[in-house]
Amino acid sequence: MNDPDEVVKGLEIIKELKKGPWPSYITETEKTRYPLKLYAASLYLKRDLWTTGGYVSVPGVPTGILMRVTSRPDIGESANVVRVYLPSGNFVTSKMLRNLADFADKYGVSMVHAITTSEDFEIPGIPKEKIRDFVAEFRATGMEVGSTGDAFRNTTTCVGPALCEYATFDTPKFRDDFYNRFNDYAKYPTFPHKLKLKISGCPLDCARASQKGDIAIIGSWEGAPLIIREKLKLLSEKEMLEIVNGCPTGAISLKNGELNIEGDLCTQCMKCVKLSKGSILPGEKKKYLLYVGGKLRGKKGPFTAKLVEKMDDPYQAFDIIERIINVYIENAARKERLGDMIFRIGMKNFLDLIEKEEKPYHIKDLRTNIFYKVSEEEKTKMLEELKKSLGGE
Amino acid sequence: MNDPDEVVKGLEIIKELKKGPWPSYITETEKTRYPLKLYAASLYLKRDLWTTGGYVSVPGVPTGILMRVTSRPDIGESANVVRVYLPSGNFVTSKMLRNLADFADKYGVSMVHAITTSEDFEIPGIPKEKIRDFVAEFRATGMEVGSTGDAFRNTTTCVGPALCEYATFDTPKFRDDFYNRFNDYAKYPTFPHKLKLKISGCPLDCARASQKGDIAIIGSWEGAPLIIREKLKLLSEKEMLEIVNGCPTGAISLKNGELNIEGDLCTQCMKCVKLSKGSILPGEKKKYLLYVGGKLRGKKGPFTAKLVEKMDDPYQAFDIIERIINVYIENAARKERLGDMIFRIGMKNFLDLIEKEEKPYHIKDLRTNIFYKVSEEEKTKMLEELKKSLGGE
Amino acid sequence: MEGPPRPYTEYIHDMIKRNIGKWKEHRFVEPGIMEHISDNDKIYTIRVASTSNARYSTDTIRKFADLADKYFDGYMRFTGAFNPEFFAKTLEDAKKLKKDLESMGFPVGGWENHLWNITSCAGYFHCALAATDAPSIAKSLGDAVIKYFNKDELPAKFTLAVSGCPSACGGAYLADISIVGIHTEIPIVTENIKSCDLMGTAMICPVGAIQLKQAEKTIEIRENLCIGCGLCVGACSGIIFRTPEKTDGHAVIVGGKASSIPPGTQIGRVVIPFIPNDPPRYELTVKSVLRIIETWKKEAKKGERLIAWIERIGWEKFFEKTGIPFFKQSMDDLDLRSLMLLREGGGK
Amino acid sequence: MEGPPRPYTEYIHDMIKRNIGKWKEHRFVEPGIMEHISDNDKIYTIRVASTSNARYSTDTIRKFADLADKYFDGYMRFTGAFNPEFFAKTLEDAKKLKKDLESMGFPVGGWENHLWNITSCAGYFHCALAATDAPSIAKSLGDAVIKYFNKDELPAKFTLAVSGCPSACGGAYLADISIVGIHTEIPIVTENIKSCDLMGTAMICPVGAIQLKQAEKTIEIRENLCIGCGLCVGACSGIIFRTPEKTDGHAVIVGGKASSIPPGTQIGRVVIPFIPNDPPRYELTVKSVLRIIETWKKEAKKGERLIAWIERIGWEKFFEKTGIPFFKQSMDDLDLRSLMLLREGGGK
Ligand code: SRM
Ligand code: SRM
Ligand code: SRM
Ligand code: SRM
Ligand code: SF4
Ligand code: SF4
Ligand code: SF4
Ligand code: SF4
Ligand code: SF4
Ligand code: SF4
Ligand code: SF4
Ligand code: SF4
């Protein structure tokens, strides 16, 4: 049987995508049994040819397995994709990779998605009828599938202290511990919509926690960064001045060749650390910042995550996360991301719900109108506090 | 008859306000026939004792004259206040002041409000029955009353070239010309709410046009500011460096003692001008910026005015203002300030209504979500423009 | 003659007229005295602190006229911030003029890194809408900060504004520090409501607290929603503030500025959401303003306006350093749209 | 074992394990090769450009496993931006490893002032919601900008992200430049609507275009309001995109970044609201990205991320200098509240 026109023309188009120096996913795909004709036709037609098929339910995988249904069975088959957890920090072994390849060959289309943007493996192209067997057999090799549905999605972290000297805590270990405590929330789809926790070991935020984390933990510190004097000495005057002038708050000064950082003014932006060639590191009094409400779409479009708590120990986050989960389940509408919910009810109310008092660090800027309510009790409280802080002069 | 308790106690309170080095309005008031007992009682009671009485209509003053009604006739009388225009730039003569004083003695309570925050004189305390006579007699001296009601309120300008070398145009003269053309809008209350035009001769904005102008005109320029080389020479290296480092866009550089400004990067912020001890002035290619929608309250609270047009000649503003007035009258709800109306309908729609095409300078920042509509015609237009600008590479 | 007396050139001294657009330079002699220099002339301006709400007796107005006659052939002006401004032809005269003014009780000052002005509205003194009395607050502030007007330097230009209610006639949000009255009681509906545009009144409420009762030709104010902002009171004479016990107060708003100098035009932020009215001297209000000024003076770089300093160090540190307590009303939830728009503003 | 395999220390080489928290320093040898130094050890990481959407044949996966065996006793990792990362014990080995990878068609690069990564989602390749095909765009961009990955320097770190629809799985708004697919057709309601949570679906629409028809147990999409964002399509299988002629496209979004380095975390802004889909090579899209990169390279200071440069010069100059035309969709009216909130975000 001859291929339909759109496939013939489509295959011409994708030939083009094998050229060029950037690694070609088409070249890779040609080595697999993925239905390339379907994809080729969709490029020609400028139209997606897959439709969602919901989830296949599998014993022991309450969130189900994602289905892909072809809208052109004549040129490409439907199939499913299975997500596979990686060890924390995305460290893998060659054994693990070969195992994955074996399963992809046996059950899938000899393709591996390594890795997804949320840092899982995926094995695409597993027919519906083989899913149960796949899951049972695969698990027996010490691997786990999941990370779909309205549940706690894969938790991601930066590589942390395993490779990076900026890390303020062991981020991959934190993920391990997170799963020891919260695995049920990852397994059972009991949320209004997905929840994602992303973790970075320092404010450089290599895990993009501040952008993608419904809940984010970012390691930081209080006061001045740590100066390694003997290394600092190796810098030229010009390099020192660059550090001084780079500081956004003017916290750094240079007097008689001696660099000084006023901890009080430091906002932990890491600029000096970045410019210092290893001679300035995150400060010693660690702080761990818990943010909420980041995401890229939801109903209201992208939000960056907002700071809700400064902790002395990252593990203090666990109880707060538990509270946030409960508040989320109780207050969010269906398919409402945490950030949209907070937006709808207001940060003040959210803080009340998770039982936190408002602090200046909860805001980046202050209100610019006086259209608010002050109750008589609040008036009394305010007056007292103002007297306390201003009275003694 | 003895004064009631609140007056006695109130008079004690205001005694306190005669002390201290800042000029005392109480000391001034004691030299007048203003009902100080009423005010004293209100301070004691912590309650305003005036109520609005609407406007007294007077022949030839279609906006009417503002009434003040006492809520305690036993301790202070009702009266009215008349607003009086000043010459542009708030220049006055001793003759004008004495004339004002004479009228305040004869018709008012021997008090002059010189000047209001919107830069009119006021003569308070004129009884209702004397208003007509006052207006007729006062006008005969070459003065005019007004600036109330839902009309074009007093137009204010900075002192401009009369005293200031930064002025890019003759701001007081512009106000004179504005009244020659737009006086009817100032006289007849035909607007949904008040409209205010405020004018500054340079971006330092001494008239606070950007904060208080429903419509604002601010003189500026394009490209680099003007360097007066012979004066610049008098500055020390340190002063020069301060200028270089002060520029927010990095437009200024110092090479071999020679200061250079890249006009392309200048945002006309005036920082270098301010630091230059007279050696840098606004650039020679003048531009006049028209802003809309500033105000301090309205329904939505304070808004800064938003840029809608860059003009080569400030008088181009006249026709645009005419259009804005018409759009305002047609689209605003009752008591809706221009800024609130624009907020409600959106800047895009407002630009359409006043027949202006959108430009990047209409925004300070760009949209951060893709929840917008693109019609098929717009797609075609966009494609063409993109090809035109990117195609030629 | 309709509208203002014009052309303005008829009201200025010839020494000014012939120099319009020709001034070359200005120099600050001392607080309040500025020298204006053109190729052919020099004149001096002498700037005077006005009374609260710029209220004067006709006696004083005539004395001002006398001074104008004495030193500048009968010409003077008022600045945009309602301060009287006199002229002199020589520096010697300028200093004499300053003495004359001071002996009348009117300090000369402002310009450069000083307090420039304190604008204030009528408040209880003359207005029907006041929640707080602006003139007495302005006077109390003036007495407390006068040294920054005519003596001590601050890091940068500094202005104060006081308004009796959210209408902000005396300025609010726009000055480096503003005080604005806030009503906290729920207004009541009176007989007069009949004469109001009901729909228009309902629409004006920023929080949608006004319910239209079309049939009964009245409106109802929903107490649980109303924030007592007073917008409806200003728009319709059938709605008034009237409860037996008044507990209104005012907010302290920090960081407004107009000029283009970075960070450009800024709307002030609510730093203290509520202080009860406490005439005549408003101790806490004055103390909070002083605390902010003094912390800024101590910590800011030279030339750094109040909001520029705060933007550099952040609000968290602002509260830490000033010791001012943080209250949840300073967090904005009510109307972020406005917040956004107002911050947007093109150009500057 | 439930959840991910753990503890992670079971999956790392002993040379890494014994240095956890003990690394002292890192040095960049050349694009993609980094030296990690502790008191006792040195290791090298070699970072590799992944294919679009990180799709590999099992053949390649096995070759990766072989390389891991050959150079680091069977250990490797993937970076957070889905790039394979290999390890070597000596610089010599690292360079060999690099050659091995390059001969397989996998360039090594990134770090410092280079392109670090191009993330992309599945698009037409594997997803049901795509308005544009992310992998082919990512490939076309990669070919055009590879020199910035492994050779030429840029002013600062640079990232690209491509997503097939607003869900932004491949990243969008977060990278220095992102491409995001936008549906512009109105979705239609099918039989399957019965199985959806109608109220929930109506609530998800950002512009309120979905009208609930409770009685008929269905919903109606109001064409005049719908912006074709696709949120309802993702939430309910009874709503699909299906019209005879497809004219979808994608937006170019500029200036996202995550790190705390000033100006801190930033959500990208819509610079080009719409470019029609034009596979396989998307000339205009690639040109616009190149134009932005090259203008930035020419004008920015060293170390200045794309958005830092734009914030310094302003958007007006950005359009002027890049020559990219300005369209009204880049002006935000629709949902300023979100705009506000997202810009607010505490801390960083
Ligand atoms: C596989 C993956 C992209 C990739 O190729 O790497 C992916 C693929 C899909 N995502 Fe995603 N998302 C993936 C990471 C993301 C990310 C990035 C991240 O997490 O770091 C985001 C943006 C971050 C965020 O959450 O804000 C993301 C935001 C979404 C959304 C928007 C959710 C929302 O309402 O905000 C949807 C739509 C939905 O859930 O309704 C979505 C839905 C989908 C679906 C399931 C849509 C569908 O039903 O067809 C996609 C399946 C495509 C397929 O068949 O391959 N995906 N998705 C990523 C899997 C991550 C994982 O291992 O769990
Ligand atoms: C006299 C003056 C204050 C002063 O003591 O100097 C004043 C006094 C009043 N203003 Fe004002 N406004 C005065 C300048 C302002 C300014 C400042 C300015 O224009 O530079 C503003 C803020 C700027 C702005 O417009 O945004 C201002 C915003 C208001 C508002 C709020 C309008 C709004 O909706 O945004 C009201 C209430 C209203 O109009 O509904 C108001 C109303 C009033 C009333 C008429 C309220 C009333 O009915 O009692 C006040 C009369 C007080 C009295 O009896 O003395 N006044 N008013 C100023 C007269 C200016 C003039 O000569 O025309
Ligand atoms: C007289 C006055 C204009 C008028 O029409 O009345 C005025 C006139 C000048 N202003 Fe102004 N400003 C005047 C109110 C303002 C205001 C409004 C206000 O204070 O109420 C502003 C906006 C304030 C703000 O940004 O919040 C204003 C922002 C400036 C600035 C910018 C200051 C800054 O650092 O941000 C300068 C530049 C400077 O100070 O070096 C300036 C500078 C000047 C100078 C002195 C030129 C200079 O280099 O210092 C102008 C001298 C004119 C002259 O020769 O007489 N003028 N100036 C106003 C005096 C008001 C008063 O009595 O206090
Ligand atoms: C490997 C990786 C973390 C991981 O867990 O996988 C990583 C690791 C490091 N990052 Fe990162 N970043 C990694 C993704 C990111 C991301 C996310 C991304 O690109 O998708 C960001 C946020 C990006 C943003 O701001 O938009 C990120 C923001 C930074 C920054 C801040 C850059 C800036 O100027 O804003 C630095 C500092 C620097 O470059 O000097 C940094 C620096 C570092 C360094 C190299 C330390 C340094 O001084 O350069 C870390 C080395 C760890 C190590 O020794 O291996 N890392 N880093 C990620 C590599 C991704 C890739 O394949 O491209
Ligand atoms: S976020 Fe910080 S600690 Fe983590 S890898 Fe990046 S630089 Fe290192
Ligand atoms: S981390 Fe940032 S704010 Fe702190 S001292 Fe360094 S450069 Fe300054
Ligand atoms: S706005 Fe400019 S031109 Fe006008 S007085 Fe102020 S400094 Fe001079
Ligand atoms: S006016 Fe401002 S932006 Fe322009 S050169 Fe001077 S300091 Fe720089
Ligand atoms: S601000 Fe309020 S109290 Fe003051 S004059 Fe204006 S309306 Fe009256
Ligand atoms: S006082 Fe303000 S909030 Fe209350 S009803 Fe009137 S307008 Fe609405
Ligand atoms: S971004 Fe859209 S097209 Fe791409 S994988 Fe996610 S849902 Fe599918
Ligand atoms: S496509 Fe978007 S705008 Fe249109 S109805 Fe669905 S959710 Fe609403």
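A note on names: the letters A, B, ... follow the listed sequences, proteins ahead of strands, and every chain is numbered from 1. For clarity, every value in this text was computed on a predicted model and none was experimentally measured.
Nearest heavy atoms, Leu390(B) versus Ser288(D): CD1-CB, 3.5 Å. Here the shortest heavy-atom pairing between Ile363(B) and Met331(D) reads CG2-CG, 3.6 Å. Of all non-hydrogen atoms in Ser389(B) and Ile324(D), the two that sit nearest each other are OG-CA, 4.4 Å. For the pair Gln329(D) and Arg367(B), the tightest heavy-atom approach, listed with the atom from each and the gap, is O-NE, 2.8 Å. Across every non-hydrogen atom of Ala251(D) and Ile370(B), the tightest pair is CB-CG2, 4.0 Å.
Heavy-atom distances place no part of Val254(D) under 4.5 Å from chain B, backbone and side chain included. In this structure, chain B has a heavy atom under 4.5 Å from the backbone of Asn224(D), while its side chain stays farther away. Only the side chain of Leu231(D) comes within contact range of chain B, judged by heavy atoms closer than 4.5 Å. Of the atoms belonging to Glu320(D), it is side-chain heavy atoms, and not backbone ones, that fall under 4.5 Å from chain B. With a threshold of 4.5 angstrom between heavy atoms, Phe274(D) approaches chain B through its backbone and through its side chain.
Side chains of Pro325(D) and Leu386(B) form a contact here, defined as non-hydrogen atoms less than 4.5 Å apart. Looking at heavy atoms from C-beta onward, Phe319(D) lies in side-chain contact with Leu366(B) at the 4.5 angstrom threshold. Side-chain atoms of Asp264(B) and Lys321(D), non-hydrogen and from C-beta on, do get closer than 4.5 Å to each other.
Using modelled atom types, no side-chain atom of Tyr372(B) and backbone atom of Ser330(D) make a donor-acceptor pair closer than 3.5 Å. Remark: the backbone N or O of Pro276(D) is not paired with any side-chain donor or acceptor of Lys379(B) at under 3.5 angstrom.
For CD of Glu322(B), the number of neighbouring non-hydrogen atoms (other residues, nucleotides, ligands) closer than 6.0 Å is greater than 12. Atom CD of Glu376(B) sits in a crowded spot, with more than 12 heavy atoms from other residues, nucleotides or ligands closer than 6.0 Å.
Between Ile313(D) atom CD1 and Thr249(B) atom OG1 the span is 9.0 Å, to the nearest 0.5 Å. Rounding to the nearest 0.5 Å gives a distance of 6.5 Å between NZ of Lys387(B) and CG of Leu284(D). Between Leu225(D) atom CG and Lys373(B) atom NZ the span is 7.0 Å, to the nearest 0.5 Å.
Ranked by non-hydrogen atom pairs under 4.5 Å with chain B, the options Gly228(D), Cys226(D), Gly249(D) are led by Cys226(D). Ranked by heavy-atom pairs shorter than 4.5 Å toward chain B, the options Ile182(D), Thr247(D), Thr184(D), Val180(D) are led by Thr247(D).
We find that Lys328(D) and Glu378(B) are joined by a salt bridge, their nearest charged nitrogen and carboxylate oxygen being less than 4.0 Å apart. A salt bridge links Asp365(B) with Arg269(D): the closest approach of a Lys/Arg side-chain nitrogen to an acidic carboxylate oxygen falls below 4.0 angstrom.
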Step-by-step salt bridge (Lys or Arg N to Asp or Glu O under 4.0 Å) determination, Lys364(B) to Glu316(D): CA-CA 9 Å; Lys364(B) 189 152 183 182; Glu316(D) 188 178 355; over 6 Å; no
